[in-house]
Structures are given as structure tokens and as C-alpha cells.
Amino acid sequence: MSETIAKAYEPARVETKWYRWWKEKGYFQADADSEKPHYSIVLPPPNVTGKLHLGHALNITLQDILIRWKRMNGFDVLWLPGTDHAGIATQNVVERQLAEQGKRRVDLGREKFEKIVWEWKDTAEKNILDQARRLGCSWDWSRKRFTLDEGLARAVREVFVRLHRDGLIYQGEYLVNWCPRCATAISDLEVEYAPREGQLWHIRYPIQGQEDSVVVATTRPETMLGDTAVAVHPEDERYTSLQGRSVLLPLMDRVIPVITDTFVEREFGTGVVKVTPGHDPNDFEAGKRHGLLLLKVIGEDGKMTEAAGAYAGMDRFEARKKVVADLQEQGLLIEIEDHSYNIGLCQRCETVVEPLVSKQWFVKVKPLAEAAIQAVEEQQTVFVPENYQRVYFEWMRNIHDWCISRQLWWGHRIPAWYCDDCGEVTVEQVEPSTCSHCQGASLKQDPDVLDTWFSSALWPFSTMGWPDQTKDLEVYYPTQTLVTGFDIIFFWVARMMMMGLRFMKAVPFSTVHINGLIRDEHGKKMSKSRGNVIDPLQIMDEFGTDALRFTLAVLAVPGTDVPFSISRMTGYRAFCNKIWNAVRFLLLNLGDEKVVSEQEMDQLRRQDQLDLGERWILSRLQTVVAETNENLERFRFHEASNGLYHFFWHEVCDWFIELAKIGFAGQDSEKGRKTGRFAAYILENCLRLLHPFIPFITEELWQELPHSGDSLMVAPFPVARQEWIDRAAEKEMEGLQELVTAIRTARSENNIDPRKKIPLQLLCKQEYRLFLQSQLPFIKSLAQLEEVEFVSQLETEGLRVQGVSRMADFVLVLDQVIDIAADRERLSRQIGRSTVKLQQLQKKLQDPDFLKKAPQRVVVAARQRHQEAVEQLKKLQVKLDGLSQP
RNA sequence: GGGCGGUUAGCUCAGCUGGCAGAGCGCCUCCCUUACAAGGAGGAAGUCACAGGUUCAAGUCCUGUACCGCCCACCA
């Protein structure tokens, strides 16, 4: 065992081993029948579009920390994993691959294409699951789901049918966002806006029956081919004479009416706007209000339709050029003005989106949203950080109907069938044999599929067996926590809220924790084009999974983006190595001894058998345990991990283990054994605390320690014991640390070899004399001293370096010449610092308001610090004077 | 046009309920001391963006300004 443990931590050697073992042991699996309290999280299912990126690694790590922490805290936990078919995204990925082979989806046909996508899904999913394994995530693999699983498909159909029955799903011809490249309708959310430098074309429309004309301004001249009116504001006095008249639409020679409507902004352009109900959302609404003719001049393929007359068949952007040129030729183009505006792009392929009229399925979301708003108002679900709640409300309150049909092949088929005889639609869970309207037997299923987010919206309950009343649903729904990114609050979180409330009559999760976006170390977004993308697998290979996880946890400050940095991670890899070596050192000294048990520790404490360092670290441990639990409770992963980092390295390793070395090195073997067993207790508790963050290394080391229990991952998480907090020990330890540090500083600044043992004279306050005498071995060891002499006056003659601390002053006795000037400089600098501090404190203590109004403890603390500062300054001054007069 | 973040060490960022300005990396000096050179000891480095206000006390709370970033929104 201990002799064979490697000198440096080698992550690759241990990671796969433990993961497999945990899984085999069944530790990942939830038990709905358990008597324990339950805790559940559903994984935001990654898209089967490719590999996991660092954002997934962050998201998964945070969830695993919560899950492991809760499991160790005695909960029966369910972390339900799965993947998302990601309709349009995945279809695009596969189409792009086919394109590389010169193939097209339409040539293959639907069936063959779907088969290829399924094959792609299998490999992508396998990659994703492998990566997740590497990350150490404690998923319940037995409950893994895919959004196209038969069970989930059943849930999708059930929801569709019920919403349709309740009048919340309808079919209709409306203006939708259309992506000509993907050849499908997309929802408002799937349109992304990008700024563009474009032009504003001013076009003259002759007024019918008059010599005069009006000028309209447009950013999209090609749409004029579909104009069916021009509009002015009813109160715009410039155009009152125009009201009730008509204009002649150039190029098309169509007479169209002038309408008045308040949607016209008088200040914009000329105040006259062309109205194209077929290709602009505003105009569509205006068209409905005024009963205007609706012309579709741009088709689903992005080409001009027959309705565009001479322009039919042209690409929409070609048509734009031609229209402009023709207008120019006819002298109807008055002005071309530079104009910057936002253009709508398809989220998935960045093609310019075309608003056009099309027959689609919609969800009437207002009634669903009302419930979802109320639930958050009532705090049934809370957001962390809470400001995201506002984002949620803002969107929910202004929600528009949701276009859910997609003209794709990859996804849930819409459960609607059209009758060849009467043309009516029948909506059913399973394929009906006859039309529900005319009993006709010739039915064709709607070729469209559902928006991928439709099935995602059901994820928290469809994965647990709904619509059946399963035990899982009873026990694990609602889930406790959802961890996800802010970028899908609307797409996903909002819709899960709506669907969960509608069909489960309860919110899907009580807390939504929003994690930040991963950026590079300069705060830039990671993107392929920037070339700053970091692959988590490569990172795990090079630094180990634990280092990656810990880095992500430390950087995960709620509400902010995460600037991922390799240099930062190097530091946390070193931390893992530090842990490794600390435990390794312990093992070298522990022999066959057992770890001190809780009861035994309580006894040791009561019987006063612990030395100062032990009382101190045990006390500190209680505080750190309490803080870690509290920070995790509040999703403050960065505070929790950072706190453990500091505690382990700078308290446990720097001081406690250094102190323990004395016990190990001593002649007293009984004492050595006790020291080892106690140290084992402290380190074992550290491993427990660290396990949720860095599961592999902690399990590996835990297994080396002699104790009962199978696995760290199911060992209890530490609980703070208030009665073990020992303020006196902490205070004494602080004094000791200060003295040791002062000696080290004096040595270092006088260039004394760190290894060289030198004699020291100590002049201490009477009250600390006994204490310091009892701690002599520690002081000697920590400060590399030879003999320590307690004196009533310090010798300052000869080869001496002086120093001060709260408990005692000292001189280092040297046998070689030191740099007096450097010593003087050091003292002066210290005096400078102390003076500033003293002045600040003096000012504060002289302020009657401070004395009167500040809490007593603050005043007392200030007095004490003042007292110390006065003494220190006096002593420093005396020493400096001594140096000045040789 | 609304809304939300940010501005703290050379870099990237912590700093929760106001009470002694922190971390990692980088930099300087010394040390391969039998856990760890992925290490140890020490050091330098800050007008906490700016201007007001509240308070005994402000990096922290309030108001405003500037700059940066993000989200939402139908100005053709």
C-alpha cells in the first residue's frame, strides 16, 4: 500500500478504474423506495450534434457537485441523464456532411435520410456519454433517456392532443419566420438579429388621378412587388389630402389604396410607408386590420413567385438589385440613403430569415404563461442569481404564440392526419383508422415535425414515465434543482415551467441555478473562428479530470461569465498533487494505525489529550465544514472550492502537517502513533469535503486510508460540531504563526540560508512565557532554529538580527556578518506600515461617534489592535535606534 | 427604445449580511530541507472607474456620469 503510492498524482491511472467501480457498485442509481429524503436533478440533455464543450463540462460539473454532496449528506439522489435529438440542429449537421459527399437530403428521401440521422445520433451520443463518464458524473445510467424514445414520444403526443383538445394548439395561416435554406418555419426565438449596414431606398409612387406623387422609404425594395397599400398616420397633416385616394404601384402597375393607421411613425423617412402584408410582420397586422389583399411574392425557396410578375423565379436578393435598377431607369428612385439596421438571421445557419405567410401549428401560450408567472411570483421556483427572475418575467409577460411545426424530417411527427375525402384534420395519439369528421378511411399524416423544444419542455416529467402515474414521478417530481445557462431561459426553462404546471400541476423544479458562459482567459467568447476553443477531453488528458472540475468550480461565480484559463488550471492541478503528497506523507507515517473515530475524537478532546496544533486545526475544520455546507446550499461553488483550497494548502499543509512532522520525528512512538491517527482524521475529513469537487483523487486516496466503508462517494459528508470550535487555540496559534513568520522574514531578508539552523534569543511577555516554552519544539522546527534562549533583555551587540511579534521579541544570533543596511531598511519599512495603521486606528478611537455608535465588539477589537500597534511601533523604533548607533 | 451585468494588483478575477483590501498566474530574492521543484521561505505590487450622498465607518448601500459587455424590442 503506502510504499507503492506514486510520488506524483497520475490521473489517468485512477480515473477510469474508479468510475467503472462506482457504477458496478450501483452507487449512481437512485432508489425510489428508499426511506431517505429524495433529491433530484434532470440533466439538461446535450444535443446530439457533436461533442461536449467546456460549457457542458461546467454545467455537468456543477450538477455533479450538488449530487455528490447531497448523496453524501444522506439523500437518495436521482440525477437523470439523457440527450436531445435537437431537430433542426442535428438535421443541419447531417445535411452538411451529406453535402460534402455531394448528396442531398431530398434525393435520399425521408426514410433513408432518417436512418442516416439515427446512425449519426448513435455515434454522437456515444461520444457524449463517454465524455460525461470521463468527467466523473454520477448519472443514474439506468434512467438514461433520449428525446425521441418511445416513452417520450408518447408523452409528446399526449400533450399535443390534450392541448389541441383544450384549444391551446391551433393550426392557421400566419406570417412566420421562414428560413429558406433550412426550408422550414422557425419560432421568434430562433431568429437572431445582427446589425447590418444597408440602404434606405426612397421610391416615388404616383398618386392616382393626380400629377403628384408620394415618396416611400424602404430597406427591402423587392418587397414592393407585394405592396397592397401605402399608409400614412391619420393625424399627419402633410398627408390629409391623400386620405381616401389611391396610388399606382410602380413596376407592377397596380392601383393600391392609401390607408391611415397609427402604426406609422410620422418622423421616419417621409412619413409614408409602403404596406406589404405578405412579408412584414407590421404590415401583416395592418393588412388584417384594413382587409388588405395579401400577396406572397417571395416563396419558400427564397425565390420570387409568380405573383412577382416579371421578377418571378429570381432569387430575392437578385430581385432587389433588379427592382432598384428598374426604378432608377424609370426615374422613380429619388434617393439612396445609408442606413444601419438589424437583420434577422436563422439561429442555425445564419441565412437571412424571410417573413412569409404559411400554414403552421401554434401553441396559444398566454394562458400557460400566466400560471408560469404566478408560480415564480409565489416563489415556488426561485432563480439563482435572482436577477434572472426579471428576465423570465419580462419575456413571459410579453410572450407571443409559439410556432411549433417544422418542415423537417428529424423529430417528433405531428400527430395530425388529413382526410383525403373531406380535407379535415384528425388529431389523435395513435394513427386513426378513420377520419373523425367524415369517417373516411384515407388519411395522411401531417409531414411536419415538432419544434425540438416542444419535447424538451416535457423533459422533467416525460423522462419519468408520464403520462403513466409512476413511482418515479411520485418521488422525484418536482425536481429540486435545475442547472442551466441563461441562453436557454426562454427556449427551455420558461417552457418547462408552462408544461410542468399544466400537466403535472406543479413546477418542474424549485430552484433554477443559472451558470455562466465559458469564455477564454481574456473574456472572449470561445469560437471556432477565433481559434480559442478548448476541448475538455484534451484538458482532462493533460491535467486530469479533477483539476478541470476544480478549476470550473472555482471560476463559477454566479451570474458572471467564466473566463477559463490554462494558467489557472495549472495551479489547480498542482493543488491535486499537493493533496496527493500530503496524504502520501501521512501514509508513510501511519503504519497500520486506524483513523481516529468521531467518538474517540470527542474523548481525546474532553480528556485534553490534543496539543495546540491539533486543537487548532480541529477547530478550524469545524468552521470550514460549516462554510462549505453553507456555500453549497447557496450555490456558491466558487466560495466553497476556494475555501477548501485555502484551508487545505495554507492551513492543513503549511502549518498542521509541519507541526505533525515533529510528532512523527520524535522518539516517543506512542506520541507518533497518536499524531498519525489524528492527522489521518483531519486529512480524511478533507477528502470528504473535497470529494464532490474532485471525486477521483479523493476516492483513490481514501481507499488507501484504513477505515471501514466501501467508498468515499457514499461516506457521510462532514457536519460541523460547534462544541469543537476552540477560540483560545485559534488565538494562541495565531500568535505562534505570527512569531514564526516574523522569524522567517527576518531570516529571509538577511539572506540566511533557509536550511541553516541558528540560535535565537526570545524576550516574551510574561503571560506568554509558559505558553511559548511549551511550544518550543514547534517554534524551533518551523523556524529552523538551533537553541532558543529565554532572556529578560535581548542582546543587541554583535551579529544580531532583531524582530518583534505580538507575543515575543527576538534576536537571531549569527556567526557571520549580515547586511545592517538591509536590516535597517526592513525595520524602517515596518515602522512606516505600522505608523499608518496606528494613525488610522487612533483617528477612529478618538471619534466619539465611533465609540458611541459602533458595536461593542468592533470597538474592543479596534482598541486591541491599537494597543498592539503602539507596542510594536515602540519596539521597532527602539531597535532601529539601536542599529543606527553602532 | 427598454432592461441587466461589469469597471478592484502587470493579466484574469474573488470579496456573500457595511467593520484590518484578497486569490491564481506573472515578477524579484533565497532554498532541489527525507510529502510535494506541479514544491518551500520571504518580498514588491492597489486613489477599489469618476462625482456626489447615507453612515461613527463605504470596494460593499443610494443617486448620477463615463466607458465596456449582454439580453429584449415590429421604426419601414
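Chain letters run A, B, ... following the sequence lines, proteins first, then strands; residues in each count from 1.
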Given B/G19, B/A38, B/C16, identify the nucleotide with an atom nearest to the side chain of A/N631.
B/C16
When we call it a touch if two heavy atoms are under 4.0 Å apart, what does A/K7 touch: a base, just sugar-phosphate, or nothing?
sugar-phosphate
Result for 5'-nearest mapping on RNA chain B, choosing between A/K853 and A/G571, is A/G571
Over all strands shown, is A/C576 touching base, sugar-phosphate only, or nothing at heavy-atom distances under 4.0 angstrom?
nothing
Note, RNA chain B 5' to 3' with Watson-Crick or G-U pairs under 3.5 Å encoded as ( ), [ ], | and . gives (((((((..((((.....[..)))).(((((.......))))).....(((((..]....))))))))))))....
How is A/P855 classified with respect to the nucleic acid when contacts are heavy atoms under 4.0 Å: base, sugar-phosphate, or nothing?
base
Roughly how far apart, to the nearest Å, are B/A49 and B/A9 at atom C1'?
15 Å
Atom C1', compared across B/G18 and B/A57: separation rounded to whole Å:
8 Å
Which whole number of Å gives the distance between the C1' atom of B/A41 and that of B/G46?
25 Å
Is NZ or CZ of A/K661 both nearer than 6.0 Å to the six-membered ring centre of A/F585 and within 45° of the ring axis?
yes
Can you give me the N/O atom pairs linking the protein to nucleotides 72-76 of chain B at distances under 3.5 Å, or say none if there are none?
from: B/A73; atom 1: N6; to: A/N342; atom 2: ND2; distance (Å): 3.2
from: B/C74; atom 1: O2'; to: A/N282; atom 2: ND2; distance (Å): 2.9
from: B/C74; atom 1: N1; to: A/N282; atom 2: OD1; distance (Å): 3.4
from: B/C74; atom 1: O2; to: A/N282; atom 2: OD1; distance (Å): 2.5
from: B/C74; atom 1: O2; to: A/N282; atom 2: ND2; distance (Å): 2.9
from: B/A76; atom 1: O2'; to: A/A217; atom 2: O; distance (Å): 3.2
from: B/A76; atom 1: N6; to: A/E265; atom 2: O; distance (Å): 2.5
from: B/A76; atom 1: N6; to: A/F268; atom 2: O; distance (Å): 3.4
from: B/A76; atom 1: N1; to: A/E265; atom 2: N; distance (Å): 3.1

Has A/W649 got a side-chain N or O lying under 4.0 Å from the OP1 or OP2 atom of B/G40?
yes
If a protein heavy atom is under 4.0 Å from the base, mark B; if only from the sugar-phosphate, S; if neither, -; do that for nucleotides 5-13 of chain B going 5' to 3'.
-------SS
Given B/C36, B/G15, B/A41, identify the nucleotide with an atom nearest to the side chain of A/R744.
B/A41
Can you tell whether the side chains of A/R220 and A/E354 come within less than 4.0 Å, N to carboxylate O?
yes
